[in-house]
A.B. asks: 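Sharing a structure below in structure tokens format, with a few things to ask.
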Amino acid sequence: MPYTVERASSADSHEIALLLRASIIELCGLDHGDNPDRYKAWLKNKTAPNVESWIDGPGAAFVVQDQVKRILGFAMGTPKGHIPLMYVLPDARLTGVSKTLMRALEDTFRDRGLDEAHLSSTLTAERFYKSLGYAETGETKTQLDMTFRCFKKGL
């Protein structure tokens, strides 16, 4: 599947919000147990206006697009090297989109002189992050009745 990585545009905020919602509902069942009461809270801030504000914020946000400019994945990083969001469309899972997004964020962090990236992971994504060299820190975060393990990676 040919694709390109680009800086995210606030003009794409509606499509990105739909991607985030689809990814959470369809790919993160391990985390929310396919229980609408649990994932509705997770989806609450995944709106086009919020996505637009995240893209226009001080961090870096990237999309991966296919040949017809359909957005297959979205990720963002903060100026301090934290990765709060990294999601792909369900039909783009296991195609290299996630690795491409992570590479773009890590390159951006290096360009900013950072020597470490960190994130908190869903159960669904833990194996993926470990495969990229991220190591558990031993810390956890609890949000929305879910526990997320914290990871870091030297750049």
Side-chain angles (χ1 to χ4, degrees), residues 1-24 27-28 30-32 41-66 69-90 92-144 146-155:
M1 170 185 305
Y3 52 78
T4 59
V5 62
E6 306 284 339
R7 287 278 184 166
S9 166
S10 57
D12 296 322
S13 59
H14 180 74
E15 185 177 356
I16 293 167
L18 292 174
L19 176 150
L20 297 174
R21 297 171 73 80
S23 184
I24 290 166
L27 299 180
C28 298
L30 184 61
D31 299 282
H32 55 62
W42 197 352
L43 301 177
K44 192 172 187 169
N45 71 342
K46 308 306 186 282
T47 65
N50 282 345
V51 170
E52 185 173 354
S53 72
W54 299 335
I55 291 169
D56 292 340
F62 294 95
V63 294
V64 167
Q65 298 174 317
D66 65 14
K69 301 292 184 194
R70 179 177 70 129
I71 296 173
L72 305 174
F74 173 75
M76 58 183 250
T78 70
K80 294 186 178 188
H82 180 69
I83 302 167
L85 293 170
M86 208 295 299
Y87 290 95
V88 298
L89 277 179
R93 186 172 182 251
L94 303 174
T95 62
V97 168
S98 298
K99 287 181 184 176
T100 299
L101 288 166
M102 291 299 289
R103 192 174 315 113
L105 286 173
E106 291 172 359
D107 289 347
T108 299
F109 294 159
R110 280 188 209 90
D111 290 347
R112 291 182 175 172
L114 300 175
D115 58 5
E116 189 172 86
H118 47 98
L119 55 87
S120 54
S121 178
T122 61
L123 291 172
T124 302
E126 282 184 7
R127 191 173 76 199
F128 168 71
Y129 292 125
K130 288 177 182 178
S131 77
L132 297 179
Y134 283 79
E136 288 186 55
T137 66
E139 299 173 45
T140 59
K141 289 170 69 174
T142 302
Q143 292 177 254
L144 309 170
M146 293 180 278
T147 300
F148 301 88
R149 289 194 184 108
C150 298
F151 289 80
K152 68 180 179 179
K153 177 182 177 181
L155 303 172

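None of these values were measured; they are calculated from a predicted model.
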A.B. asks: Please tell me if the side chains of Asn45 and Trp54 come closer than 4.5 Å, counting only heavy atoms from C-beta onward.
C.D. replies: yes
A.B. asks: Would you say that more than 12 heavy atoms from the other residues, nucleotides or ligands in this model lie under 6.0 Å from the CG of Asp111, or not?
C.D. replies: yes
A.B. asks: Roughly how far, to the nearest 0.5 Å, is the NZ atom of Lys46 from the CG atom of Leu85?
C.D. replies: 6.0 Å
A.B. asks: What are the two closest heavy atoms between Pro79 and Leu114, and how far apart are they?
C.D. replies: O-CD1, 3.4 Å
A.B. asks: Hey, are the side chains of Thr78 and Pro84 touching, using non-hydrogen atoms and a 4.5 Å cut-off?
C.D. replies: yes
A.B. asks: Answer whether the closest heavy-atom distance between the side chains of Thr137 and Phe151 falls below 4.5 Å.
C.D. replies: no
A.B. asks: For the OH atom of Tyr87 and the CD1 atom of Ile16, what is their distance to the nearest 0.5 Å?
C.D. replies: 13.5 Å
A.B. asks: Does Gln65 have any side chain to side chain contact (heavy atoms under 4.5 Å, CB included) partners at least two apart in sequence or in another chain, and if so, which?
C.D. replies: Thr4, Glu6, Asp12, Val63, Lys69, Ile71
A.B. asks: Keeping the roles fixed (side chain from Ser121, backbone from Glu126), state whether a donor-acceptor pair exists under 3.5 Å.
C.D. replies: yes
A.B. asks: Begin from the C-alpha positions of Glu136 and Lys130 and carry the test salt bridge (charged side-chain N to carboxylate O under 4.0 Å, His left out) through to its verdict.
C.D. replies: CA-CA 8 Å; Glu136 288 186 55; Lys130 288 177 182 178; 3.2 Å; yes
A.B. asks: Which heavy atom of Ala48 sits nearest to which heavy atom of Ser13, and what is that distance?
C.D. replies: O-CB, 3.4 Å
A.B. asks: Please examine the side chains of Phe62 and Thr108, heavy atoms only from C-beta on, and report whether any two atoms are closer than 4.5 Å.
C.D. replies: yes
A.B. asks: Do Tyr129 and Lys153 have side-chain heavy atoms sitting under 4.5 Å apart?
C.D. replies: no
A.B. asks: Please report the interatomic distance CZ(Phe109) to CG(Leu155), rounded to the nearest 0.5 Å.
C.D. replies: 7.5 Å
A.B. asks: Contact between Tyr3 and Thr100 at the side-chain level, heavy atoms closer than 4.5 Å - yes or no?
C.D. replies: yes
A.B. asks: How far does OG of Ser23 sit from CG of Leu18, to the nearest 0.5 angstrom?
C.D. replies: 12.5 Å
A.B. asks: Could you tell me whether the side chain of Ser10 and the main chain of Ile55 form a donor-acceptor pair under 3.5 Å?
C.D. replies: no
A.B. asks: Let me confirm one number: the CD-CZ distance from Glu15 to Arg70, rounded to the nearest 0.5 Å.
C.D. replies: 8.5 Å
A.B. asks: So, using salt bridge (Lys or Arg N to Asp or Glu O under 4.0 Å) as the criterion, who are the partners of Asp107 when residues are at least two apart?
C.D. replies: Arg110
A.B. asks: Might you point out which heavy atoms bring Val88 and Ser98 nearest each other, and give the distance in Å?
C.D. replies: CG1-OG, 3.2 Å
A.B. asks: Output yes when a side-chain donor or acceptor of His82 lies under 3.5 Å from a complementary backbone atom of Ser120, and no otherwise.
C.D. replies: no
A.B. asks: For Arg21, give me all partners under side-chain hydrogen bond (donor to acceptor under 3.5 Å, both in side chains), at least two apart in sequence or on another chain.
C.D. replies: none
A.B. asks: So do the side chains of Met86 and Leu119 get within less than 4.5 Å of each other, counting heavy atoms only?
C.D. replies: no
A.B. asks: Nearest 0.5 angstrom please: Asn50 CG to Thr47 OG1, how far?
C.D. replies: 3.5 Å
A.B. asks: According to the interplanar angle, ranging from 0 to 90°, do the rings of Trp42 and Phe148 count as parallel (below 30°), tilted (30 to 60°) or perpendicular (above 60°)?
C.D. replies: perpendicular
A.B. asks: Kindly give the heavy-atom pair with the smallest separation between Leu105 and Gly77, and that separation in Å.
C.D. replies: CD2-N, 3.5 Å
A.B. asks: Mind running side-chain contact (heavy atoms from CB on, under 4.5 Å) on Thr147 and Lys141 for me, showing each step along the way?
C.D. replies: CA-CA 6 Å; Thr147 300; Lys141 289 170 69 174; over 6 Å; no
A.B. asks: With a 4.5 Å cut-off on side-chain heavy atoms, are Met102 and Tyr134 touching?
C.D. replies: yes
